[in-house]
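First listed ligand is number 1; within each ligand, the first listed atom is number 1. Residue numbers count from 1 along this sequence.
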Amino acid sequence: MSFADVIISITHKNVDKIFNYIIPDAMKSQLCVGMRVLVPFGKGNKTYEGYVIGFSDGIRVPFDKLKAIISILDKYPVFSENTIMLAKFMKEKYYSTLSECLRCIMPSIVKDKVKRYVYLNRKKEGFQELFDKCVSKNNLQSKVLEFLSEFDGTAVGEIKMLLEINLAPITALEKKGLVQIFDREVKRDVLDFSYVKKTTPFVPTDEQKSAIDFILNKFYTKDVKPVLIHGVTGSGKTEVYLRIIDVVLKEGKQAIVLVPEISLTPQTVNRFMSRFGKLVSVTHSRLSAGERFDQWKKAREGEISVMIGPRSAVFTPFSKLGAIIIDEEHEHTYKSETTPKYDVREVACEIGRICGSITVFGSATPDISTYYKTQTGEFDLVTINNRVNKSFPEINVVDMRRELENGNKSVFSEALLNAVEDNLLNKRQTILFLNRRGYSTFVSCRKCGYVMECKDCNVSYTYHLSNNRLICHYCGKTVSNPETCPQCGSKYIKYFGAGTQKIEEETKKMFPEARTLRMDLDTTSGKNAHENILKKFASGEADILIGTQMIAKGLDFPNVSVVGVIAADMSLNSGDFKCAENTFQMLTQVAGRAGRAALKGKVFIQTYNPEHYSIEFAKNNDYLSFYNHEITVRKQLVYPPFSHIFFIMFVSKNEKKIIKALFKLLDIMIKFNKNNQFEHIGPSPASISKIKNQYRWKIIVKGALEKNLRNYVLYCLDRLSESYDLSGININITLNPVYIM
Ligand code: ADP
Ligand code: ZN
Ligand code: ZN
């Protein structure tokens with residue numbers, strides 16, 4: 001006798017285990033691992049959705065206590081044995097339940113889209129006679145028959161539209177037995193291939209060729225160790241991906257290409273469509289749930305072989321996966337911010353291990369932690385040092401302290417102003433870029449560039465308008481806002497806070513004749529707003545595009561020859577230990593936008609801190625020196641990759657209660673901190689300290705070994721819940737979050 005092993009779709013620790021259910025005889029031939037079922041659960045036998053993850057012969061519960069499956073929800077399995085393995089990995093790694101992980105991996109299931117098709121019923125006895133009789137009258141039924149004799153098997157909707165009739169004549173013919181109507185499942189297409197021309201591959205450069213050979217060798221030898229392609233912007237990484245996928249497909253396998261949502265432009269997808277034709281599909285959040293589900297089904301049924309998409313595309317159910325490629329691997333969006341808070345790069349590597357496929361990372365500015373893995377041997381490394389077109393834009397670093405000295409108090413330096421003016425005269429386009437992340441505002445001296453920062457944590461203080469104080473968002477230390485600069489005594493010490501809107505106003509004032517476009521969170525909330533703005537700019541409807549980091553990614557505008565970074569300091573002083581890395585990445589990517597086409601691009605980086613290593617190395621396009629400098633800093637301060645950082649955030653309406661609870665947690669943590677393996681920082685208010693009347697405070701815990709750190713944190717939280725009433729407190733834990741919380 002066999003029973004179904006079922007995971008119940010309830011998010012609770014106590015329910016996160018396998019439950020056995022009786023399989024009613026009628027379901028036995030139908031039920032498979034990977035199907036969803038409805039089951040009774042708990043004392044009241046409420047009905048819940050469950051996932052069948054296996055079958056077992058013996059059971060641990062008394063037989064009379066067993067309950068039976070109510071019904072099966074799927075026609076075919078929606079997840080595989082491999083999926084279950086992956087879900088188990090994610091459950092361990094991201095502190096979530098198995099059902100949360102399964103739900104994350106599975107698509108949202110949508111009813112199949114079915115169309116009704118009309119066919120002539122030629123097998124009917126005496127068909128021809130009846131047909132001839134009917135056709136000879138000139139009425140609507142004969143019109144339908146004539147149409148079908150040429151286009152047998154047309155959808156009902158199309159016949160109605162083309163013949164301008166209603167359903168009546170078709171049903172009448174069905175009654176007479178002259179036609180039959182069949183339901184057929186249709187899968188929606190999401191790409192338009194009509195305008196795509198097939199392209200032939202470029203002859204690879206020597207550097208491209210050695211990258212391709214190296215990676216293909218891994219593919220043929222089933223070497224699952226991930227490989228990083230470090231290739232400068234414009235070095236032809238995409239061409240390398242295309243070549244690899246070409247071989248993967250020829251060997252009968254399939255490939256997933258992950259790109260950040262923001263770079264998933266028609267331009268990008270086109271390059272894949274024009275090489276592999278209809279084997280390509282995409283999935284992304286702008287598609288409807290039905291469209292996404294259809295792409296998932298196409299992959300599952302082998303109708304396509306290349307899936308392109310952001311994070312969630314990693315879960316594409318290919319049965320013969322050969323490669324996962326992660327472009328722009330340093331992108332923050334590869335980490336999910338909702339439970340399970342997975343890092344798609346880690347998930348891709350795990351899938352590689354499970355399926356025996358290769359995992360390829362690519363970036364011009366690899367994540368410091370990823371590059372570190374190539375140094376420890378965890379990853380392989382291939383490097384492409386040269387741009388295909390060999391030209392690199394001219395990068396000017398503008399010292400804004402000198403501007404103030406010369407009496408220029410505007411946000412534009414003299415040099416940038418002149419360049420934009422020239423550009424307008426020459427009918428060329430300009431991008432002005434303002435990196436402002438979240439709500440953080442720092443305090444700096446406009447005269448000498450001094451920035452107020454917490455010396456314990458090596459991050460900038462954040463200015464809080466409400467009490468006019470500065471706070472460190474790591475350790476929670478606060479200091480008063482100084483009136484004069486502690487370094488040079490100047491009174492030009494101020495908080496920094498221009499937004500894109502302000503820059504747009506200033507731009508309009510300076511260049512009244514210029515047409516401007518603004519792209520930030522405010523102007524891109526609509527469905528296609530983002531694309532529409534870019535389209536307008538590409539078609540020359542504006543001279544100047546002003547925007548946040550959104551515009552730094554993967555865009556290719558041949559007529560742009562000036563790029564201005566209004567204040568590199570904004571990302572440099574974001575109050576995060578990764579700020580140097582973020583700044584280097586941002587500047588390198590922005591510079592990459594300018595030198596693409598035939599026009600020699602000019603980049604202006606305005607800053608109060610021109611000597612900062614992230615700016616100097618970005619100016620020289622020197623990732624390796626930047627990496628070597630940064631990794632030394634990280635080592636000294638024991639930041640990742642030399643440690644893991646846990647953020648434990650408590651959220652509640654009652655601020656006093658969460659502060660008290662966190663101090664209690666701190667006591668417990670200190671008590672169980674054997675050999676001082678772990679370092680605690682805080683409690684401190686979260687960087688957004690209150691949302692919708694809910695206060696947010698946090699403790700940060702650092703430790704060298706991820707597993708020990710996790711066990712320690714979870715253990716201490718358990719002890720806290722035993723000794724302290726945590727009701728009304730929401731606990732949010734994140735390992736190595738993208739942004740400080
Ligand atoms: P990356 O992804 O590294 O930024 P791309 O793949 O976009 O670089 O390549 C930059 C440009 O060079 C593209 O326009 C691409 O079509 C072109 N390109 C790539 N490889 C070659 C090659 N071997 N020969 C000629 N042009 C190439
Ligand atoms: Zn100063
Ligand atoms: Zn601090």
Contact check, V240 vs ligand 1, heavy-atom distance below 4.0 Å: no

Crowding at NZ, K197 (>12 non-hydrogen neighbours, <6.0 Å): no

Polar contact flag for F202 and ligand 1 (N/O pairs, less than 3.5 Å): no

Under-2.8 Å protein N/O/S neighbours of the Zn ion (ligand 3), ordered by chain then residue number: C454 SG, C457 SG, C472 SG, C475 SG

Under 4.0 Å to a heavy atom of V232 - the qualifying atoms of ligand 1, by number: 3 (O)

Plane angle bin for F626 and F584 - parallel if under 30°, tilted between 30 and 60°, otherwise perpendicular: parallel

Any donor-acceptor N/O pair, T374 side chain to T370 backbone, under 3.5 Å: no

Nearest non-hydrogen partners of P683 and L666, listed with the distance: CD-CD2, 4.0 Å

Enclosure of D206 CG (heavy-atom neighbours >12, cutoff 6.0 Å): no

Short N or O distance, G236 and ligand 1, threshold 3.5 Å exclusive: yes

Pair K619 + E611: basic N to acidic O under 4.0 Å: no

F647 versus I645, closest heavy-atom pair with distance: CE1-CG2, 3.5 Å

Atoms in ligand 1 flagged as close to T238, the criterion being non-hydrogen separation under 4.0 Å: 2 (O), 6 (O)

From K237, K209, R243 - option closest to atom 3 (O) of ligand 1 by heavy atom: K237

Option with minimal heavy-atom separation from atom 23 (N) of ligand 1, where the choices are R387, Q208, E207, R271: Q208

Proximity flag S235 to ligand 1, non-hydrogen atoms under 4.0 Å: yes

Contacting atoms of ligand 1, where contact means under 4.0 angstrom from a heavy atom of P204: 23 (N)

Within 45° cone and under 6.0 Å: K198 NZ/CZ vs F276 ring: no

More than 12 heavy atoms of other groups within 6.0 Å of K477 NZ: yes

Closest heavy-atom pair and its distance - C485, C448: SG-SG, 3.7 Å

Short N or O distance, V203 and ligand 1, threshold 3.5 Å exclusive: yes

Angle in degrees, rounded to 10°, that SG of C488 and SG of C448 form at the Zn ion (ligand 2): 110°

C445 SG and C485 SG subtending at the Zn ion (ligand 2) (10° steps): 110°

Minimum heavy-atom distance between I395 and A618, given as atom pair plus value: CD1-O, 3.9 Å

With K578 via side chain to side chain contact (heavy atoms under 4.5 Å, CB included) - residues at least two apart: D576, E581, N582, R634

